[in-house]
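Taking it in order: structure first as structure tokens, then the write-up.
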2 protein chains.
Amino acid sequence: MKAAPEREVDRSVSQTVKAQLALRDQILSGSLRPGERISELQAVETTGASRTPVRMALVRLEEEGLLEAIPSGGFMVKAFSERDIADSIELRGTLEGLAARFAAERGVSARELEPLKECLAAIDELLRQVPISIEAFSSYVALNARFHALLTELSRSPPLVRQIDRASALPFASPSGFVMAQSALPEAQQILIIGQEHHRVVIDAIENREGARAEAVMREHARLAVRNLRLALRNRTHLDLLPALALIKTATD
Amino acid sequence: MKAAPEREVDRSVSQTVKAQLALRDQILSGSLRPGERISELQAVETTGASRTPVRMALVRLEEEGLLEAIPSGGFMVKAFSERDIADSIELRGTLEGLAARFAAERGVSARELEPLKECLAAIDELLRQVPISIEAFSSYVALNARFHALLTELSRSPPLVRQIDRASALPFASPSGFVMAQSALPEAQQILIIGQEHHRVVIDAIENREGARAEAVMREHARLAVRNLRLALRNRTHLDLLPALALIKTATD
DNA sequence: TGTATGCGTTATGTATACATTAGCGGGAGA
DNA sequence: TCTCCCGCTAATGTATACATAACGCATACA
């Protein structure tokens with residue numbers, strides 16, 4: 001590899017993955033503004049990888065939905081309207097509803113539900129704090145993500161799991177920043193408590209093999225998240241806490 | 001570009017796109033068997049592009065869901081069970097249901113509905129033939145795809161449109177082969193007629209801004225397609241007409 | 001002064017060379 | 001004869017060189 005002596009190469013992960021992570025981070029952190037053209041050369045410098053892995057990373061990020069190909073060549077950071085993100089959340093909720101229905105209809109053993117119930121209990125524990133601390137919020141975010149991932153898996157449908165993963169890019173673009181901003185709002189904790197109730201109901205519905213009810217509650221769960229988003233956006237004073245919202249173009253619909 | 005004199009390069013489309021189309025064709029036509037490792041060098045030979053565009057194409061096809069990355073490196077053709085494909089169809093129908101609901105709720109002008117009604121009329125014309133010819137079936141496939149695409153667009157939700165596109169990879173992997181096989185079945189035309197009725201209902205529901213009804217009928221439409229798939233699979237004698245089903249692994253669930 | 005054209009620079013698309021790793025086969029020793 | 005280890009080969013990951021196309025700027029002409 002001709003070993004350019006001055007450049008230290010990290011061999012623990014592939015250059016492609018490294019570049020992808022670095023670029024995604026730049027996008028989500030707002031270093032790269034929506035609509036901004038992303039220069040390969042510049043990306044090569046900031047990521048430390050060479051052009052080939054950088055290009056692979058760009059293609060992956062395009063497929064992921066964070067970048068958009070420019071017809072004349074190259075890529076730009078995609079810009080989203082507030083409604084785009086709201087739609088993405090509802091979209092994801094719809095798919096999760098399908099997953100919950102599949103889980104209920106196809107049947108799930110008590111053993112498989114155990115980790116979900118553990119998540120539930122852990123979240124209960126966190127929500128007991130009033131008001132909840134920032135640290136507890138971070139834990140909540142992780143647990144919530146875990147709960148949703150586990151629930152998705154219960155569908156036993158690899159294509160659905162895959163699709164939900166893809167649909168999560170936007171809604172969960174930067175969940176920590178998202179929820180931390182929410183924590184600054186008085187209504188935040190109430191919303192989390194309602195969300196937790198949804199979690200409880202969906203488990204119950206799956207246990208009792210009530211597919212329609214399981215599906216309905218997950219869709220309601222998503223609508224709650226949309227209300228949550230709009231609430232956060234109406235409180236623009238907290239927006240500096242929202243790196244995820246760097247994705248929202250200034251002129252929204 | 002050093003212009004290797006013996007290799008004729010087609011400059012009308014990018015090498016990356018050319019490679020992607022060629023490889024997808026090889027996968028869907030069954031030249032590459034599910035589970036088979038796909039060799040870059042071999043792909044370079046068959047597509048005529050060099051390794052860089054071929055690799056970009058492979059990454060795109062992986063994101064598209066037709067290929068799977070091998071941990072140790074490289075890609076293999078993904079294998080699907082019958083249930084995977086059925087789930088993909090239902091998944092797509094669920095998203096289309098959401099699109100139909102969005103269209104109904106957000107309102108659609110008569111002008112926007114016109115092309116859909118034209119599709120409808122054209123399909124009606126085709127279905128008047130009993131039994132329907134293979135050529136008419138081909139036209140039907142194109143018109144049906146157009147109808148679904150137009151309907152999706154009515155949602156006015158770019159993220160949803162995008163997601164539906166992605167979700168269509170498997171269900172519509174090779175629609176022509178699919179439907180032509182159906183045409184060999186006596187029940188085929190009846191199914192198409194029911195499907196057309198669904199199309200009519202969804203338009204009506206959108207016109208009358210009945211979101212729930214619009215959504216419900218699209219989901220029913222997908223369930224019809226699943227029944228259709230199962231019907232085709234039960235008639236294994238026609239399977240040689242189904243290149244799309246090359247994707248189904250032999251040992252299904 | 002404004003517009004159009006041409007040239008130059010820069011960035012992307014493509015090709016290929018190089019490095020590394022994984023997989024496989026052969027040989028040797030127990 | 002079986003197993004383990006070493007080395008080779010082939011294919012992937014990475015880097016970079018080259019060609020081309022696009023964009024911008026400057027200049028000239030209307």
Practice problem: Go through the structure and list residues passing side chain to side chain contact (heavy atoms under 4.5 Å, CB included) with A/Ile70, not counting sequence neighbours. | Solution: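 Side chain to side chain contact (heavy atoms under 4.5 Å, CB included) list for A/Ile70, sorted by chain: A/Arg37, A/Ser72, A/Met76.
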Quiz prompt | Qualifying residues under side-chain hydrogen bond (donor to acceptor under 3.5 Å, both in side chains), relative to B/Ser31, sequence neighbours excluded | solution =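 Partners of B/Ser31 under the side-chain hydrogen bond (donor to acceptor under 3.5 Å, both in side chains) test: B/Ser29.
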Between [atom2] of [N] and [atom1] of [X], the distance in whole Å:
X: B/Ile70; N: C/dG23; atom1: CD1; atom2: P; result: 10 Å
X: B/Arg37; N: C/dC24; atom1: CZ; atom2: C1'; result: 13 Å
X: B/Glu45; N: D/dA11; atom1: CD; atom2: C1'; result: 13 Å
X: A/Glu40; N: C/dT12; atom1: CD; atom2: P; result: 5 Å
X: A/Gln42; N: C/dA11; atom1: CD; atom2: P; result: 10 Å
X: B/Leu41; N: D/dG13; atom1: CG; atom2: C1'; result: 13 Å
X: B/Gln15; N: C/dA15; atom1: CD; atom2: C1'; result: 10 Å

Self-check item: Contact list for residues 43-61 of chain A, test salt bridge (charged side-chain N to carboxylate O under 4.0 Å, His left out), sequence neighbours left out
Solution: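 Checked against salt bridge (charged side-chain N to carboxylate O under 4.0 Å, His left out) - neighbours excluded - the pairs reaching residues 43-61 of chain A are A/Glu40-A/Arg51, A/Glu40-A/Arg55, A/Arg60-B/Glu62, A/Arg60-B/Glu63.
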Practice problem: Could you list all the salt bridge (charged side-chain N to carboxylate O under 4.0 Å, His left out) pairs where at least one residue sits in residues 137-162 of chain A, not counting sequence neighbours? | Solution: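 Those involving residues 137-162 of chain A are A/Glu112-A/Arg156.
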Quiz item: Which nucleotide in the set C/dA11, D/dT12, C/dT14 lies at the smallest distance from any side-chain heavy atom of B/Thr16?
Solution: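 Looking only at side-chain atoms, B/Thr16 lies closest to C/dT14.
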Quiz item: Using a heavy-atom distance cut-off of less than 4.0 Å, which residues of residues 51-59 of chain B contact DNA chain C?
Solution: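 Residues of residues 51-59 of chain B under 4.0 Å from DNA chain C: B/Arg51, B/Thr52, B/Pro53.
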Quiz item: Looking only at side-chain N and O atoms, does B/Ser72 come under 4.0 Å of OP1 or OP2 in D/dT12?
Solution: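 Checking D/dT12 against B/Ser72, no side-chain N or O comes under 4.0 Å of OP1 or OP2.
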Quiz item: Looking at residues at least two apart in the chain, or sitting in another chain, which of them share a salt bridge (Lys or Arg N to Asp or Glu O under 4.0 Å) with B/Glu105?
Solution: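 For B/Glu105 the salt bridge (Lys or Arg N to Asp or Glu O under 4.0 Å) partners, ignoring immediate neighbours, are B/Arg101.
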Exercise. Give me the ring orientation class for A/His221 and A/His148: parallel if the planes are under 30° apart, tilted from 30 to 60°, perpendicular past 60°.
Key: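 Parallel.
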Quiz item: Across the strands shown, which category fits A/Ile38 at heavy-atom distances under 4.0 angstrom: base, sugar-phosphate, nothing?
Solution: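 Here A/Ile38 touches the backbone only, sparing every base.
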